[in-house]
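See below for the structure under consideration.
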Amino acid sequence: MDGLARELVVRGRLRVLCVDTRGAGRSSGAATWTGWDEVKDVRAACRYAGAGGRNVVLLGTSGAAPFAGTASLSEDVVVGTVQMGYTCGYLCSVLWRGHFGPYFSSPKPKLFLHGSKDEHTSVPQLKSWIRRAPDAAELEVFEGVGHYELESPSYDGDVAARIVAATLRQPERRRRRPLPACIRKTRQDATMRLVPLLCALATTAAMDVSRAREGLVAYAKAGPIFINSAVRARRLESRARAVEAAGQRPPEWPRDADLLCGRWELVATTRGGADLLQTMRDQPALGSANVYQDWSREGDEVRCDNVITIGRPNAGLLSAWTLLAPGTSSSLRLRHAAAVVSAREPLTIDLELDGVVVDGSRPGEDVQTIFSLPMPRSAAGEAGLFETTFLDDALRIARAGDALRVFERVVDT
């Protein structure tokens with residue numbers, strides 16, 4: 001959601017306030033099942049944003065959208081709402097139905113942004129509620145887009161453009177179906193050229209992090225590790241964003257140092273490439289290939305090793321190209337010194353290559369070093385900055401530039 005906030009600032013010159021409700025992000029407290037306490041949080045944020053007589057357009061997303069809608073009813077500073085991925089399907093109704101009726105019947109202006117393939121609420125379900133006050137609502141459907149996909153960075157620009165068009169549309173450029181008068185009045189008032197927009201990022205309070213992370217891991221394991229497809233990369237990105245949003249606390253150093261340390265296996269990355277390793281993954285007769293990260297800490301020193309391990313099965317001539325004896329394996333280990341440059345939000349660590357090690361092993365024997373090549377840091381250069389955006393005892397999400405990496409912890413047996 002940070003990307004969407006930036007897009008709103010750049011495209012519409014809007015003032016944006018992003019809020020985490022209780023139990024989400026850096027906010028204290030605990031989330032509730034029905035959202036009524038979250039409504040209090042959103043109302044307080046609305047009053048803060050509307051201080052001095054400024055109007056507020058309230059943006060709710062996903063599971064927080066019903067809470068944002070309810071909060072808008074009792075706050076005069078809120079002149080309209082934008083709802084992205086509003087959740088009012090059958091399952092959502094079990095907990096949140098009390099939020100639907102009063103909000104959809106309200107005459108306050110509403111703009112709904114919804115994916116045609118939303119997994120939680122179908123377009124017909126949403127339209128059935130919108131019919132309660134059709135003159136106060138406008139629906140924009142993103143064809144072929146799912147719930148979490150719409151929330152991904154890939155759609156930040158498109159979503160921001162539609163929000164800006166709705167809030168700052170010139171009167172002579174209105175569509176045939178004009179926006180409700182309340183939003184038009186906001187644009188006509190010269191003192192409101194900068195419209196405070198309250199982004200109710202309470203999505204995190206309502207989402208089930210376990211379900212989100214299970215969906216991410218299942219999708220990552222179902223396809224190639226090294227993703228070259230733009231469509232698959234976008235879908236992996238949307239699932240990773242869902243897990244990051246659902247996380248109850250961001251990774252922090254040194255609090256989570258012990259949690260970070262250990263062996264992590266790479267299950268998917270949007271970096272692409274590595275065709276040979278992927279081919280070995282797809283055809284075990286050619287041998288085995290695994291990619292790991294080993295993190296360790298001794299005192300103030302932190303290290304990270306990127307490890308590629310290739311193995312040859314006990315039988316199979318196809319794997320003879322590895323030049324390994326049957327049943328053996330060999331690893332290329334790129335050793336890095338690590339330095340924490342940002343302790344939180346996101347936890348950012350700078351890796352600097354300082355050595356290369358090649359080792360080998362046979363079944364039942366210890367790993368033996370074949371050769372080790374130290375490298376002066378000045379000669380090796382920097383490996384780059386890596387952000388850890390989600391971390392628990394089994395899953396880690398890391399980012400480096402535009403590349404996303406999903407790791408699963410390797411548990412010794």
Side-chain angles (χ1 to χ4, degrees), residues 220-221 223-228 260-298 301-314 316-339 349-386 388 396 398-401 403-413:
K221 289 185 172 181
I225 292 181
F226 306 96
I227 298 174
N228 292 300
L260 176 64
C261 290
R263 167 159 282 201
W264 297 89
E265 181 174 6
L266 180 68
V267 293
T269 176
T270 59
R271 186 177 180 181
D275 293 336
L276 177 59
L277 292 179
Q278 187 59 56
T279 300
M280 294 179 67
R281 297 279 298 188
D282 297 338
Q283 301 182 39
L286 294 176
S288 63
N290 298 88
V291 181
Y292 305 99
Q293 274 193 346
D294 291 342
W295 287 86
S296 61
R297 181 177 70 144
E298 186 172 343
E301 183 181 10
V302 184
R303 299 201 60 84
C304 173
D305 292 354
N306 289 329
V307 184
I308 301 174
T309 299
I310 295 176
R312 181 181 176 183
N314 287 320
L317 295 177
L318 291 179
S319 62
W321 70 272
T322 63
L323 302 181
L324 298 172
T328 64
S329 64
S330 181
S331 296
L332 170 65
R333 182 180 295 270
L334 303 178
R335 309 208 65 203
H336 299 85
I349 298 179
D350 184 16
L351 298 185
E352 193 170 11
L353 181 67
D354 64 2
V356 177
V357 176
V358 175
D359 58 37
S361 65
R362 296 183 177 88
E365 296 183 8
D366 293 335
V367 175
Q368 296 183 6
T369 299
I370 298 174
F371 78 83
S372 177
L373 178 63
M375 301 182 68
R377 295 183 185 180
S378 58
E382 292 185 347
L385 297 175
F386 287 79
T388 296
R396 181 165 66 92
R399 298 178 179 277
L404 165 69
R405 293 172 173 84
V406 179
F407 294 89
E408 213 175 19
R409 186 182 296 277
V410 177
V411 179
D412 295 332
T413 57

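As a basis for the values below, the full set of heavy atoms in this structure was taken, side chains included, without hydrogen atoms, waters or symmetry mates. Numbers for residues simply follow the sequence, beginning at 1.
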Nearest 0.5 Å, please: how far is [atom2] in [Y] from [atom1] in [X]?
| X | Y | atom1 | atom2 | answer |
| --- | --- | --- | --- | --- |
| Thr309 | Glu265 | OG1 | CD | 9.5 Å |
| Arg409 | Cys261 | CZ | SG | 8.5 Å |
| Leu353 | Leu351 | CG | CG | 9.5 Å |
| Ile308 | Leu334 | CD1 | CG | 6.5 Å |
| Trp264 | Glu408 | CH2 | CD | 9.0 Å |
| Arg263 | Asp305 | CZ | CG | 9.0 Å |

Inset, instruction - Flag the pair Ser372 / Val357 as yes when at least one side-chain heavy-atom distance between them is below 4.5 Å, and no otherwise. - result: yes

Inset, instruction - Would you indicate whether the side-chain heavy atoms of Ile349 and Trp295 approach each other to under 4.5 Å? - result: yes

Inset, instruction - For Ile370 and Ser330, work out which heavy atoms get closest and say how close. - result: CD1-OG, 4.3 Å

Inset, instruction - Quick one: closest heavy-atom pair of Ala268 and Pro224, and the distance? - result: CB-O, 4.5 Å

Legend entry - Between Gln293 and Arg405, a side-chain donor and acceptor under 3.5 Å: no

Legend entry - Partner of Asp294 under side-chain contact (heavy atoms from CB on, under 4.5 Å), chosen from Val410, Asn306, Val307: Val307

Inset, instruction - Taking salt bridge (charged side-chain N to carboxylate O under 4.0 Å, His left out) as the test, write out the residues that go with Asp359, two or more places apart. - result: none

Legend entry - Polar side-chain atom of Thr270 near backbone of Leu404 as donor-acceptor pair, under 3.5 Å: yes

